[in-house]
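Written out below as C-alpha cells is the structure these notes cover.
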Amino acid sequence: MAITTEDYVTPGAAPAARSGAAGKGRRAARPEGQWALGQTDPLNHNEEFKAEDNPLNVRARIIEKYSVEGFDSITSDDLRGRFRWMGLYTQRKPGIDGGRTAQLEPHELDDIHFMMRVRVDGGSLSLAQLEAIADISTTYCRDSADITDRQNIQFHWVRVEDVPAIWERLEAVGLDTTEACGDCPRVILGSPVAGVIAGEVIDPRPAIAKIKERFIGDPTLSNLPRKFKSSVSWHWDAVPEINDISFVGVVHPEHGPGFDLLVGGGLSTSAHLAVRLGAWVPEAEVPEVWHGVTQLFRDYGYRRLRNKARLKYLVQDLGALKVREILETEYLQRKLIDGPAAQAPARPPDYVGVHDQADGLKIVGFSPIAGRVSGTILTAIAQAARAAGSDRVTLTPLQKLLVLDVAPEKVEGLIEAIEPHGPRARASTWRRGTLACTGLEYCKLAIVETKARAATLVGVLESRLGELDLEHPVSVGINGCPNSCARIQTADIGLKGQIVVDDEGNQVEGFQVHLGGGLGLDAGFGRKLRGHKVTAEQLPEYVERVVRHYADGHEPGERFAQWA
Ligand code: SF4
C-alpha cells in the first residue's frame, strides 16, 4: 500500500490535521523536516552542518589536522557538532557553577579537554580490551573512567593531540568510538550475562555483532534526526522500555526462540515507554529489521525541532500499527510474523553478587558507586579476574561490572582482590540501586554535581539504614539537569538537579523529587511531587525519611512503585 502525506501527522499539529481532514481554509501543517515527505531543506543549524559534510568525515580531520594543529584549529561546527560522531564532547570548563550554566554561551562553557565515550556494544570486554582501556585512562585521561548506564566507558581530560594515539590503542584490541555520540545509531545495549546464564531464552550476541559490523559507521545512517538507541536482550535486562528500538527474547509457540520487537521508548525531558509492534523476529532477521526501523526513523523522523526529533514522537503520533505497516511495506517488503509479548521481571536484574552460569562456573558482579571507577581500578580488576581464571568482563546498563567464567573455588579470592579497590560484590541496596549521571564535574548542561553526591548519599544511607531489612530494594537516580541520563523518571526515587532555595533564602544546588517510577513489571514514570524540592545538603536526610516511611507504611509485598 502506498503511504501518502495524509497518513502522517506532526507534533503539535491541530486536531483537524491529526485526523487527516482536508477542510477548506485549514492552516497547512508546518513542515517538520521529514525527508520521506520531500521536506529535505535543513530547518535548523544541526541539520545544516550534517547536510554540508557527513559527520563521519571529521575522523580524518582529527587525525590529519586538529591533533597536529591543536584545539584552536578546530572549526565550531566540528567542535560542537561533528566531533560527537567520534564519541567526543568538550567537557565543562572547571569553576563555572551550575547557576550560570544557562546564562553562558556554549563556547564559554567549553574546556579544551574532551570527554570520550568508547562504545562497548553488548557490554562485553575481553581482559585485553579492559587493560587497553585502563592503560589509556592512566596514560591520557588523568586516571578517569566511568561505566555509563549505556554500557560505555567514558574518559575525561582527553586532549585532541592524543586522540589518534588513543584510537590506535583501542583499535588494536577491536574497540572504537565511532558513533558513540551524535545523531546516529549509538552503542547497542545487550544482556550482560548473554551466553552464560542458565535458562537463557536466546543469545542476543550474534545479532548485536552483525548490526555493529554491517551498520555502525554506515554513511547512509549517520545523519538521523537525532540519537538512536538500541537494545537486544534475552531477559529484559538491557532496559528495553526506554530505547528507540528493542528486541527482547521470547519463545513463539510455533516458531521457537526469537525476539519481541518494541519501538519508541526514551526518557530525556519527555518520557515515553517503548511500545510493542506485536511482531516476533527470529535471530537471523534482527539486523534487517533493525535496519528497517533505523531507515524509517531517518526518513520519517521530525527534524525541525531538536526536542521533537526522537523516534518516540513519531511513534506516538502514528501509533504502533502504522509504524509496523510502514516498516513492512516500505522497508522490509514483507509481513512480519505476529508474536507474543516478552514477560518482564519484577525489576531488571543487576547481577551484583555471585550467580550461576549454565556451565557450572560463576558470574561475580561488582558495584562501584554510580559507575565511577578509574584506570587504576580497572587494571586491578583485570589482574584479579585473570588470576581467577576468567578472560572477560561485562559492563551493565546499571553501571556495574561483572566478571564471567569464575571457577567456584576462585570466587572468594576474586572478591577479596577487588573489593579493597572500591567496587563491591557484597554491596548494599544503596550502592546497587544508585545511578548518577556525569553532572557538574564535566557536563556542560549540568546544574548540579552528581557523582560525589551519589558517593556521599550511599555512604550515609549505608550507615543509617543498614539495619533496615527491605523486602524490595529501592533505586535512586541522580541527574545533574532536567535531561535524564540517570533515568530519574524510572527510579523509585528520582532526583532532577536544579537550583533551589534553602531555609535562609539562598539559591543553592538541589533536586526536584520524582517518586515511584520503575522498570520491568513496574515500568512507569515517577510522580513529580509539588513542593518536594530538596537542597543537595539535605538530600541524605530526605531520602532516609522517605525510605523509613516506606519501610514502616507499606503493605506486605508492596513494592515502592506501588506504595509511592
Ligand atoms: Fe549532563 Fe544533564 Fe545528562 Fe547529567 S542529565 S549528564 S547533567 S545532560
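Note that ligands are numbered from 1 as they come in the structure, with each ligand's atoms numbered from 1 the same way.
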Next item on the list: Could you list the residues that satisfy salt bridge (Lys or Arg N to Asp or Glu O under 4.0 Å) with Glu241, not counting sequence neighbours?
Entry: none
Check: Among all residues two or more places apart in sequence or in another chain, which pass the side chain to side chain contact (heavy atoms under 4.5 Å, CB included) test with Pro349?
Finding: His235, Asp237, Pro345, Tyr351
Margin query: What count do you get for protein N, O or S atoms closer to atom 2 (Fe) of ligand 1 than 2.8 Å?
Written below: 1
Item checked: Flag if over 12 foreign heavy atoms under 6.0 Å of CD, Gln507 -> no
Checklist line | Side-chain H-bond candidate by donor/acceptor type, Asp317 with Tyr302, under 3.5 Å | finding: yes
Notebook entry, point to check: Pairs in or reaching into residues 430-445: which pass side chain to side chain donor-acceptor pair (under 3.5 Å), with residues at least two apart or in two chains?
Noted result: Thr90-Lys444, Asp110-Lys444, Gln154-Thr438, Trp157-Tyr442, Asp350-Arg432, Arg372-Glu441
Margin query: Check this for me: His45, atom NE2, are more than 12 non-hydrogen atoms of other residues, nucleotides or ligands nearer than 6.0 Å?
Written below: yes
